[in-house]
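All of these numbers come straight from a predicted model, not from anything done at the bench. The sequence lines fix the lettering, A, B, ..., with proteins before strands; numbering per chain opens at 1. Reckoned from all heavy atoms, side chains included, excluding hydrogens, waters and symmetry mates.
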Amino acid sequence: MSKSTDELFKNVISHAKEYGFVFPSSEIYDGLSAVYDYGQNGVELKNNLKTYWWKAMVQMHENIVGLDSAIFMHPTIWKASGHVDGFSDPMIDNKDSQKRYRADQLLEDKIARYDKDGKTDKAEQLQIEMDNALKAENLPRLRELIIEHEIADPVSGTRNWTEVRQFNLMFSTQMGAVADDADLIYLRPETAQGIFVNYLNVQKSGRMKIPFGIAQIGKAFRNEVIARQFIIRMREFEQMEMQYFVRPGTQKEWFNKWKETRLKWHLALGTEPEKYRYHEHTKLAHYADAAYDIEFDFPFGFKEVEGIHSRTDFDLSQHQKFSTKKMQYFDPEVDPETGKPFGNYIPYVIETSIGLDRMFLLTMINAFEEEDLSTEEKQDSRTVLRLHPCLAPVKAAIFPLIKKDGLPEKAREIMDRLKVDFNLQYEEKDAIGKRYRRQDAIGTPFCITVDHQTLEDDTVTIRYRDTMMQERVNSAELQKIIGDKVSWRNLLA
RNA sequence: GCGGAAAUAGCUCAGCUGGUAGAGCAUCAGUUUCCCAAACUGAAGGCCGCGGGUUCGAAUCCCGUUUUCCGCUCCA
């Protein structure tokens, strides 16, 4: 990371805090690792990003509908999805090589070696002890066995081991007031499963025909081993996901379509295309037959913002198996090749999944600019967030030029007329220039100033954030001028 | 998790070899009425991240801890 981009990232983080976008969680208690809160401006920007996504995905597509499923779900769902078994291994690190191993695998290797050397007694005994320790989830005992049997790291050759730790990315809690009777339940590590387990409910109640999609915005939780780089990797985060159910065999085509559609959504905000790239997964997850990430060029390098995955029928088939409920869809459409309906099948799924918090961060980074306005006479600069007007937390600020002569009253009157439609701010403190700069810092696209002339002819000046230029307009036109600029039509039409 | 660095006012930071906390900006109240920051007067704001130790005395030295950043690792 170069010095200037490092600086940029730091400045964005301080700016986010100073202007009420993002605060560290529980800050007065020293914070909580990798958890953040959104402040008064942050929540507006975040809500606007959600609206943009929801409108683009749900409202603009007749065959995509929304869903809001619960965070708590039946524990078996996570067995079916592979989250329970796939990520609950006892791990141990070697401090010298800094490599991480599965503790049970190291012991298995040792057992195999004992067998090979003809020390079957030792092999059997170790096998029993290891099985007992695993069954009892006795992690310290696993470490003792590794030490006792003098297992060395194949890389460093040393026996400088850390503690054995259980890695499970899922947070768990108890359901039911009495802990003894309670079932262990998990906070969802992804929102996708809520869609899969409801897909037939939605399909039947909404009379959906394949292909169709279900979209959801919601919180997910992952107990990351390490979480860093501000809001890039958080333990509690928000996803915007859409699962698109298609006829088997057509997944490639839909995958490509969504891959393109989703990138366009990003670029519509005005970001330079060079800031984005696709990244193809070569090592595919257990559920996928194709996977691309949309990556953004953050100050610390390209990082995933959104994933487009072809999940096959893995999830639905797994749920059919675990729940013993049929997950099939009857497709009445006639197959031109056979002349018969396509009939019953488990649909294939294309997933688009975007990290809202990452989207938020990249929006801030993109918008943030420290602009040098110096002239020969005077040094000057301003910090401006060049947010798309649709995304700006505050759409317009209304100022009386001075706070007497009836100007504040007039300004309030104009504000009252507009505040039903737009999120506005009123300010009368400090010199007018200072107020303009304050609004620049939170990305407000318009500042409306009421002056003495307003009292005579009802005109005001409207000052534009990006150009700093001013125009005098009739106050009756404000509704339309602001409305046109902040309309979702600019992004969706 | 390993290694490195850091934590002092809302923000950016100063505070020397230990002697009881400071600036700029921001904030608040007033003055000014000036259409693009930093005009004038005044005010508020800090358990110097937290806990322990050394010392007559710790923001400063030592230990622990938490949080953050960087590199490696991990990312089903």
- Item | Aromatic plane relationship, F399(A) with Y436(A) - under 30° parallel, 30 to 60° tilted, over 60° perpendicular |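 Answer is tilted, since the angle falls between 30° and 60°.
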
- Quick one: the side chain of R382(A) and the base of C36(B), do they pair up donor-acceptor inside 3.5 Å?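 In this structure, the two groups form no donor-acceptor pair.
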
Starting at [atom1] of [X] and ending at [atom2] of [N], how long is that distance when rounded to a whole Å?
X: Y186(A); N: A76(B); atom1: OH; atom2: C1'; answer: 14 Å
X: L407(A); N: U33(B); atom1: CG; atom2: P; answer: 14 Å
X: Q193(A); N: A76(B); atom1: CD; atom2: C1'; answer: 12 Å
X: F314(A); N: A76(B); atom1: CZ; atom2: P; answer: 14 Å
X: E295(A); N: C75(B); atom1: CD; atom2: C1'; answer: 13 Å
X: F23(A); N: U68(B); atom1: CZ; atom2: C1'; answer: 17 Å
X: K404(A); N: U33(B); atom1: NZ; atom2: P; answer: 5 Å
X: R233(A); N: C69(B); atom1: CZ; atom2: C1'; answer: 15 Å

- Query: With sequence neighbours excluded, what pairs up with H15(A) under the ring pair (Phe, Tyr, Trp, His ring centres under 6.0 Å) test?
  - Reply: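 With sequence neighbours excluded, H15(A) shows a ring pair (Phe, Tyr, Trp, His ring centres under 6.0 Å) to Y19(A), F368(A), given in chain and number order.
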
- Message: If the condition is salt bridge (charged side-chain N to carboxylate O under 4.0 Å, His left out), which residues does E369(A) pass it with, not counting sequence neighbours?
- Response: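 Listed in chain order: R386(A).
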
- Contacts of type salt bridge (charged side-chain N to carboxylate O under 4.0 Å, His left out), residue E44(A), not counting sequence neighbours: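 Partners of E44(A) by the salt bridge (charged side-chain N to carboxylate O under 4.0 Å, His left out) criterion come out as none, since no residue qualifies.
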
Run the side-chain hydrogen bond (donor to acceptor under 3.5 Å, both in side chains) test against [X] and tell me which residues pass, sequence neighbours left out.
X: K303(A); answer: none
X: R465(A); answer: none
X: D68(A); answer: none
X: R311(A); answer: E190(A), D315(A), E351(A)

Roughly how many Å apart are [M] and [N], using the [atom1] atom of each and rounding to a whole number?
N: U27(B); M: G45(B); atom1: C1'; result: 9 Å
N: A58(B); M: C16(B); atom1: C1'; result: 15 Å
N: C61(B); M: A6(B); atom1: P; result: 11 Å
N: G3(B); M: U8(B); atom1: P; result: 25 Å
N: G53(B); M: U20(B); atom1: P; result: 23 Å
N: G30(B); M: C13(B); atom1: P; result: 33 Å
N: U60(B); M: G19(B); atom1: P; result: 10 Å

- Quick one: which residue pairs count as a side chain to side chain donor-acceptor pair (under 3.5 Å) with a foot in residues 387-405 of chain A, not counting sequence neighbours?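 Non-adjacent pairs meeting side chain to side chain donor-acceptor pair (under 3.5 Å): D405(A)-H452(A).
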
Find every protein N or O atom lying less than 3.5 Å from an N or O atom of nucleotides 5-14 of chain B, and list the pairs.
residue : atom : partner : partner atom : Å
C11(B)  : OP1  : K17(A)  : NZ           : 2.5
U12(B)  : OP1  : S14(A)  : OG           : 3.2

- Item | For Q40(A), all residues meeting side-chain contact (heavy atoms from CB on, under 4.5 Å), sequence neighbours excluded |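 F23(A).
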
- Message: Given 3.5 Å as the limit, does a donor-acceptor pair link the side chain of E238(A) with the main chain of L356(A), or not?
- Response: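 Such a contact is absent between E238(A) side chain and L356(A) backbone.
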
- RNA chain B-proximal residues of residues 427-440 of chain A, any heavy atom under 4.0 Å: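 Listed by number, they are K429(A), I432(A), G433(A), K434(A), Y436(A), R437(A), R438(A).
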
- Task: Write out the stems for RNA chain B, ordered by first number and formatted as range with range, counting runs of at least 3 consecutive Watson-Crick or G-U wobble pairs under 3.5 Å.
- Result: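 Stems (3+ consecutive pairs) listed as B:1-7 with B:66-72, B:10-13 with B:22-25, B:27-31 with B:39-43, B:49-53 with B:61-65.
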
- Message: Can you work out whether M468(A) or H452(A) has the more 5'-proximal nearest nucleotide on RNA chain B?
- Response: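 Mapping each residue to its closest nucleotide by heavy atoms, the 5'-most match is H452(A).
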
- Message: Pick the closest RNA chain B nucleotide for Y464(A) and for I13(A) by heavy atoms, then say which residue is nearer the 5' end.
- Response: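 The 5'-side residue here is Y464(A).
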
- Between F9(A) and F298(A), ring centroids under 6.0 Å: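 Between F9(A) and F298(A), the centre distance exceeds or equals 6.0 Å.
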
- Item | Charged N-O contact under 4.0 Å between K410(A) and E413(A) |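 Salt bridge flag = yes for E413(A) with K410(A).
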
